[in-house]
Amino acid sequence: MLSRDAEHLYWLTRYVERIENTARMINVHSELMLDFPGDQSLGWKPIIETMDSKKFFKKRYSEYSEISAVKFLGDDKENLNSIISSLDMARYNARAIKDDLPRSATEQLNNLFNEFSGGMASSSSRRKRASYIYNAVSGAQRFFGIISDNFSRGYAFEFMRLGRFVERIDMISRIIDSLCITKSEEQTHDFPTLEWVSMLRTLSAHESFRKEIRGEIERGDVINFLLKNENFPRSIYRCLTITEKSLSTLPNNTDVLEVAKKLNTRVFSAKLDSYDDKQLHNFLDYLQRRIHLLDENIHKNYFHNYL
Amino acid sequence: MKISWKKYPSSSFYDEYITPQNTLRGHSKKIGTFLESLSIEDLKEINAATETAIKSMGISFRVYSEDSADGQDRMWPLDFIPRLIRKSEWLQVEKGLKQRVKALNMFIEDCYNKQEFLNESDMDKSLVLDSPAYKKYCVDVKLKHNTWSHICGSDLIKAHDGKFYVLEDNLRVPSGVSYMLENRMIMKRVFPELFYQYGVTPIDAYPTKLYETLASVNNSRSKKPEIVLLTPGVFNSAYYEHSFLAQQMGIDLVEGRDLIVAKDGFVYKKTIEGLVKVDVIYRRIDDDYLDPDQGNPKTTIGVKGLIRAWQEKKVAIVNSPGCGIADDKAVYAYVPKMIKFYLKEEPIIKNIKKFLLTNKEHRNLVFKNFKEMVIKPVAESGGYGIVIGKNCSRSEKDATIRKVMNNPRNYVAQPLISLSTTPTYSGDSLEPRHLDLRPFILSAEKQYVTVGGLTRVALKKGSTVVNSSQGGGSKDTWIV
């Protein structure tokens with residue numbers, strides 16, 4: 001399989017996963033603000049921070065308002081990590097391997113793009129903006145569903161799965177981190193666990209969580225669930241396991257597998273439920289750096305990009 | 001309303017179906033009678049079915065336009081009335097094409113080695129040696145089977161005498177063969193009745209024969225050579241064909257950035273398994289863009305060091321660089337002499353008379369008979385820059401004469417041949433339209449000629465411009 005084709009497949013799913021998670025991230029915060037409408041400490045700054053975009057955002061927007069933040073993360077073309085930019089890049093990669101994708105997958109991607117670029121910027125109502133964000137999540141999920149059902153298993157599939165889960169690990173860690181940053185700055189409200197419940201919901205994890213943990217919801221349980229649960233597809237630990245699984249099917253995988261395995265062991269052994277928000281933040285930071293290293297290794301090993 | 005051949009407009013042009021007395025020719029009786037049994041509505045339906053099939057199969061080609069930066073993807077235009085050629089006639093054409101390409105290949109190798117033809121004939125040496133297509137890095141190179149142009153597309157036309165003549169030879173990067181194959185696929189879907197009646201000779205062997213040709217130029221010892229098709233990429237007008245042929249032959253479609261010439265001088269493709277050595281490259285990129293070390297240094301679609309690897313026989317390239325010297329409308333005039341010189345034979349297919357406008361006598365003759373002439377720039381393709389004398393206004397004629405006088409080496413002239421016609425669907429009836437034929441000749445250890453080839457038809461009434469980029473269409477070609 002040509003390196004270039006593998007690279008396109010990997011980045012296609014990375015970008016679609018990024019779309020879904022950026023939308024979820026916006027949702028996490030929007031939902032939270034609905035529960036604590038008066039709370040100024042729950043600003044949008046932590047999210048922008050966790051996306052490493054503080055400087056860039058400040059240059060273009062005057063304040064961390066909902067409208068600015070949602071525009072920045074949603075349809076600001078200058079922001080390379082916005083939903084619209086990710087859609088552009090996803091389509092670019094899809095076009096390059098057009099003959100290898102099922103036609104319905106390409107169509108779904110085009111639909112997603114057309115719907116999203118159609119009206120979000122111009123819709124002034126919060127409800128309308130919210131619906132665009134929700135549709136971004138479901139649109140991305142439809143795309144992955146089409147791939148999962150119509151794509152033969154093999155190297156091409158594994159590179160797509162790899163891209164998807166590498167991105168997921170990175171983004172979930174940022175989503176969780178945005179809450180850590182928020183809370184480590186100030187705590188002016190009651191019900192400290194409410195934010196974590198809200199997070200479970202926006203990560204579609206509430207039902208699965210409830211099945212496993214009954215009774216009162218404790219912060220530690222949620223953190224364990226989202227970072228160390230073996231079964232939930234959006235738990236960091238499971239994502240790392242799946243990443244390892246994909247890598248183990250590929251040729252020449254000794255080095256990359258080692259990086260993945262080490263990281264997996266580290267997450268498994270960390271007593272995360274005992275960390276406070278600051279410690280958790282540091283751990284998530286570490287996680288992101290290691291994932292970045294894994295991505296670099298994948299590039300060197302398979303895509304021959306000696307950068 | 002039914003078709004009637006009696007109403008078919010007769011003319012001084014040679015029609016391949018209908019005689020001047022409006023009767024069907026021998027080989028077109030079966031299909032002619034069948035078509036007469038159809039109504040205009042039937043024809044409309046068949047045309048619509050053809051277009052639908054093309055759309056759903058996604059057979060397209062790209063046209064560069066001034067309006068859009070990327071060019072447009074257009075659906076491939078196929079006329080569903082096939083073009084018929086008698087088998088006995090085709091066997092002769094086949095022989096003639098093989099003969100011609102053999103001589104041309106010997107000529108190319110000779111020009112880069114002993115230059116015997118150049119020294120002994122009356123051809124002006126500078127036509128070759130001063131041509132930008134003449135590549136210094138080809139000097140003293142000798143190739144397997146003495147073959148440089150392994151894939152040649154020679155354009156043929158049928159003149160008013162009903163005989164085939166060669167219009168020009170495309171020895172560099174000829175395209176169109178995938179459309180020939182796709183046309184047949186569509187016709188089978190849309191018009192199956194006719195195939196039963198006619199016993200049309202199948203054409204599907206081409207991808208296999210092409211693969212065999214590519215495999216046979218391999219220099220390495222490996223039993224199964226690693227072959228790739230090198231494409232400029234999705235924005236190229238013939239990209240559809242690159243992708244189609246690669247898929248039909250089961251070889252990788254690569255771009256320049258997928259290949260690398262390593263320190264050992266061999267060419268490798270970048271794969272997830274690591275670097276894999278490449279033995280044969282079927283390149284659809286012009287000589288000048290193949291390698292930034294030779295040719296255009298700014299090229300982004302080539303591979304650095306590729307030509308060196310080729311010179312050292314560490315990789316084979318099809319068609320070889322340097323073929324352009326024979327792919328020149330001025331050199332064309334000497335091909336009959338080449339056939340006599342190298343093969344000691346008379347050309348089986350004749351050339352059309354051609355005037356080299358560097359010659360003063362020829363120039364005067366051409367200008368005097370401007371209305372009967374076609375003036376062409378020597379190195380263009382795609383039908384661009386062609387001036388048809390009888391269509392020119394006074395000022396257009398003057399402008400053309402000025403252009404020629406400014407750079408006579410750049411132009412040749414041919415008498416306007418009345419191209420043959422074949423019935424073509426025109427919306428509400430079948431009308432005669434001019435056409436040409438591009439067969440493809442493969443040469444390596446053995447030679448192979450496509451069964452028929454790509455027939456291109458000028459869809460506009462009275463037009464003789466057949467190129468798809470300028471509104472031409474195509475037909476399926478049947479050897480019957």
Which region of [X], side chain (C-beta onward) or backbone (N, CA, C, O), has a non-hydrogen atom less than 4.5 Å from a non-hydrogen atom of chain A, or is it both or neither?
{"X": "B:Ile260", "value": "neither"}
{"X": "B:Lys269", "value": "side chain"}
{"X": "B:Glu255", "value": "both"}

Heavy-atom neighbours of [X] [atom1] exceed 12 at 6.0 Å:
{"X": "A:Phe157", "atom1": "CZ", "answer": "yes"}
{"X": "B:Arg221", "atom1": "CZ", "answer": "no"}
{"X": "A:Arg91", "atom1": "CZ", "answer": "yes"}
{"X": "B:Lys277", "atom1": "NZ", "answer": "yes"}
{"X": "A:Arg60", "atom1": "CZ", "answer": "yes"}

Rounded distance [0.5 Å steps], [atom1] in [X] versus [atom2] in [Y]:
{"X": "A:Tyr302", "Y": "B:Glu273", "atom1": "OH", "atom2": "CD", "result": "9.5 Å"}
{"X": "B:Asp258", "Y": "A:Asp5", "atom1": "CG", "atom2": "CG", "result": "7.0 Å"}
{"X": "B:Asp252", "Y": "A:Met1", "atom1": "CG", "atom2": "CE", "result": "10.0 Å"}
{"X": "B:Lys270", "Y": "A:Leu2", "atom1": "NZ", "atom2": "CG", "result": "10.5 Å"}
{"X": "B:Thr271", "Y": "A:Phe303", "atom1": "OG1", "atom2": "CZ", "result": "12.0 Å"}

Compare every heavy atom of A:Ala6 with every heavy atom of B:Ile272, then report the nearest pair and how far apart it is. CG2-CB, 3.5 Å
Under the ring-ring contact (aromatic ring centres under 6.0 Å, His included) definition, can you give me all pairs with a residue in residues 230-251 of chain A, not counting sequence neighbours? A:Phe225-A:Phe232, A:Tyr237-A:Phe268
